[in-house]
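Before any comments, here is the structure.
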Amino acid sequence: MGKVAIYPGSFDPITYGHIDIVERALEIFDKVIIAIAENTEKRPLFSVEERLQMVRTLFKDAPNVLADSFKGLLVNYVAKTNAKVILRGLRATSDFEYEFHMASMNRSLNTHLDTLFMMTSKDYFFVSSRTIKEVTKLGGGVEGLVPDLVARRLKEKFKLPITKKRQISWDD
Ligand code: PNS
């Protein structure tokens, strides 16, 4: 069966910060399940289906990465799988309080589960789905911070022009 980690979150949308955590977790776990929460307090930009589709496309060549969605309590979802570990990425110190709170609550709800934190790589510690959305909406570039597919989907959502890689022409 092997070791399985559940990586929960909103993934609205998935960024290279998330992908980096998944890739590094695969060095420790045999399987990582990206679990998209359906009912967070946040009003998502992308529907659960859209988020699932993006994640599945990005990991189509990685058979040990699965994408799923869940409603209700995370611990109840995890209990239905054979995973014992909830995986979360930690960026700067500001994430700590929220994450500590959530991990403690989850542990109090189910003492058989543990939360494992991985530090985000230095290249992505400032990347969040929230700022990616804001920057794109306001016309800023997010190349290198999210996969091209995600950058395109964001532009479609915000009805921004999707620019092809610039062709050099002697006429302009
Ligand atoms: O990417 P996010 O938005 O930081 O992820 C937060 C998430 C989805 C992991 C958290 O809100 C969650 O687990 N929601 C499911 C409902 C639940 O179990 N709430 C109690 C957690 S203390």
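What you see below is based on every heavy atom in this structure, not just the backbone, and it leaves out hydrogens, waters and symmetry mates. This chain uses plain numbering: 1 for the first residue, then up along the sequence. Just follow the structure's listing: the first ligand is 1, and inside any ligand the first atom is 1.
Of all the atoms in ligand 1, the ones that sit under 4.0 Å from a non-hydrogen atom of Leu74 are 13 (O), 17 (C), 18 (O). Close approach of ligand 1 to Gly72 (heavy-atom distance below 4.0 Å) involves ligand atoms 15 (C), 16 (C). Against a heavy-atom cut-off of under 4.0 Å, Tyr98 is close to the following atoms of ligand 1: 4 (O), 6 (C). Residue Ala37 approaches ligand 1 through these ligand atoms, each under 4.0 Å from one of its heavy atoms: 8 (C).
Proximity of Asn106 to ligand 1, defined as any heavy-atom pair under 4.0 Å, is confined to the side chain (atoms from C-beta onward).
Under a 4.0 Å heavy-atom criterion, Ser129 is not in contact with ligand 1. Using a 4.0 Å heavy-atom cutoff, Arg88 is listed among the residues neighbouring ligand 1. A heavy-atom separation below 4.0 Å is found between Phe70 and ligand 1.
Counting heavy-atom neighbours within 6.0 Å of Phe100 CZ, excluding the residue itself, gives a total of 12 or less. The number of heavy atoms from other shown groups lying within 6.0 Å of CD (Glu156) is above 12. With a 6.0 Å radius and a threshold of 12 heavy atoms from other residues, nucleotides or ligands, Phe117 has its CZ atom above the threshold.
Under a 4.0 Å N-O distance rule, the pair Arg130/Asp12 does not qualify as a salt bridge. A salt bridge is defined here as a Lys NZ or Arg NE, NH1 or NH2 lying under 4.0 Å from an Asp or Glu carboxylate O, and Arg107 with Asp114 meets this definition.
For ligand 1, the polar-atom distance check against Ser10 finds a nitrogen or oxygen pair separated by under 3.5 Å.
Looking at Tyr77 and Asp68, their side chains come closer than 4.5 Å, going by heavy atoms from C-beta outward.
Ring geometry for Tyr124 against Tyr16 counts as tilted: the plane angle lies between 30° and 60°, on a 0 to 90° scale.
Taking only non-hydrogen atoms, the option from Met102, Met105, Arg130 nearest to atom 21 (C) of ligand 1 is Met102.
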